[in-house]
Amino acid sequence: MPDDLLFSPDAVFLQRFLQSGGYYKGDVDGDVGPLSLAALAKFQADSTAVAGEQGSFDDRTEGNVATLLLDTQRAARRFMAAISQAGLSAGMIAKIISGTRTYDEQDEIYAQGRTMPGKIVTHARAGESNHNFGIAWDVGIFDSNGRYIDDLVDEGLMTQGAVDAEYKKVGAFGKGLGLFWGGDWGDPDYPHFQMLDNDLLATVRAKFVSGQSIV
Ligand SMILES: [Zn+2]
């Protein structure tokens, strides 16, 4: 698999993703041949068209939106437009800082704070997160100097309450668009948005693995 392709080096994941998006009808065998490449090219052309219709955002957001299924891309662009228009506190901007993660990538971040250094960032193993199915993203909020506001708490420049308040504004925009927001969970995940409710996770996973359309 060429290393510049989406989700490289996980060719099986790429094929599953394209299959559940309705782009790929071949075998999920990890062998990226002409069928897979044609499916990817069509998916990326459709993605470019959606960006053209709805408008595009900063490079980081664009890189992550490109990893979402097409309907989710549309929702993510509506969401970003709503935040851009309605605004956060003065000088603050939101970016999409995470999109789809392959199963291997999910296991890597699950290891963080457990078997690997760092602090725990997820409770989900591979296949347990909506990030693994192309229908979820995380947002980050940055100040006018481009600093991630979550980091300003440690530096004493913002209170955790003030940071949470910004994420709650974004949460309200997302919910207004019909998205499911991690801030509503028992263990809140303020940056997180997804297309479907958590109680559908097993169904979504089964559809993804068998290549059926999810949303
Ligand atoms: Zn998330």
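Predicted model only: the values in this text are computed from it and were never measured.
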Sequence neighbours excluded - ring-ring contact (aromatic ring centres under 6.0 Å, His included) pairs with any residue from residues 9-44: F7-F13, F7-F17, F13-F208, F17-F43, Y23-F43
D199 atom CG: more than 12 heavy-atom contacts under 6.0 Å: yes
Non-hydrogen atoms of D138 and R101 that approach each other most closely: OD2-NH1, 3.9 Å
Any side-chain heavy-atom pair of L152 and V163 under 4.5 Å: no
V139-M92 co-clustered via ILVMFWY side chain contacts under 4.5 Å: yes
Distance in Å, R74 CZ paired with L68 CG, rounded so as to fall on 0.5 Å steps: 12.5 Å
Within-4.5 Å side-chain heavy-atom neighbours: M1 and L14: yes
Minimal non-hydrogen separation, S36 against L18, with atom names: O-CD1, 3.9 Å
Spacing of K42 atom NZ and S47 atom OG [to the nearest 0.5 Å]: 9.5 Å
Rounded distance [0.5 Å steps], CG in D197 versus OG1 in T203: 11.0 Å
Closest non-hydrogen atom pair, G21 against L69: CA-CD2, 3.7 Å
Side-chain (T61) to main-chain (I96) donor-acceptor, under 3.5 angstrom: yes
Any donor-acceptor N/O pair, S144 side chain to G91 backbone, under 3.5 Å: no
Residues forming a side-chain contact (heavy atoms from CB on, under 4.5 Å) with I83, sequence neighbours excluded: F79, L88, A94, V170, F173
Qualifying ring-ring contact (aromatic ring centres under 6.0 Å, His included) pairs with a residue from residues 87-118, counting only residues at least two apart or across chains: none
Closest approach of G99 to H131 (non-hydrogen atoms, all atoms of both residues): O-ND1, 2.8 Å
R147 CZ: over 12 foreign heavy atoms closer than 6.0 Å: yes
Single-linkage hydrophobic cluster F180~L200, side-chain heavy atoms < 4.5 angstrom: no
Test side-chain contact (heavy atoms from CB on, under 4.5 Å) applied to Y148 and I97, step by step: CA-CA 11 Å; Y148 185 45; I97 60 170; 4.1 Å; yes
Any K95 side-chain heavy atom under 4.5 Å of F57 side chain: no
Atom of N198, atom of Q194 and distance for their closest heavy-atom approach: OD1-NE2, 2.9 Å
Exam field: side chain Q106 to backbone G127, donor-acceptor pair closer than 3.5 Å: no
CG-CD distance between D31 and Q15, expressed to the nearest 0.5 angstrom: 7.5 Å
Between CG on residue L196 and CD1 on residue I214, distance to nearest 0.5 Å: 8.0 Å
Note, L5 side chain near L37 side chain (heavy atom, < 4.5 Å): yes
Heavy-atom side-chain contact between I120 and R114 under 4.5 Å: yes
Distance, nearest 0.5 Å, that separates CE of M80 from CD of Q54: 12.5 Å
Joint hydrophobic cluster, L177 plus F193, side-chain heavy atoms closer than 4.5 Å: yes
Validation row: L6, T100 side chains within 4.5 angstrom (heavy atoms): no
Pairs satisfying side chain to side chain donor-acceptor pair (under 3.5 Å), at least one member in residues 178-188, at least two apart: H123-D187, K175-D184
Co-membership, hydrophobic cluster, residues I93 and L157, 4.5 Å side-chain: yes
Basic-acidic side-chain contact under 4.0 Å: E62, R77: yes
Pairs where residues 1-14 contributes a residue and the test side chain to side chain donor-acceptor pair (under 3.5 Å) is met, not counting sequence neighbours: none
K169: partners by salt bridge (charged side-chain N to carboxylate O under 4.0 Å, His left out), with sequence neighbours left out: E166
Taking every non-hydrogen atom, the tightest pair across S98 and N64: N-ND2, 3.5 Å
Donor-acceptor contact present, side-chain Y167 to main-chain H192, <3.5 Å: no
Pair V65-W137, side-chain contact (heavy atoms from CB on, under 4.5 Å): steps then yes or no: CA-CA 8 Å; V65 169; W137 66 82; over 6 Å; no
I109-I135 co-clustered via ILVMFWY side chain contacts under 4.5 Å: no
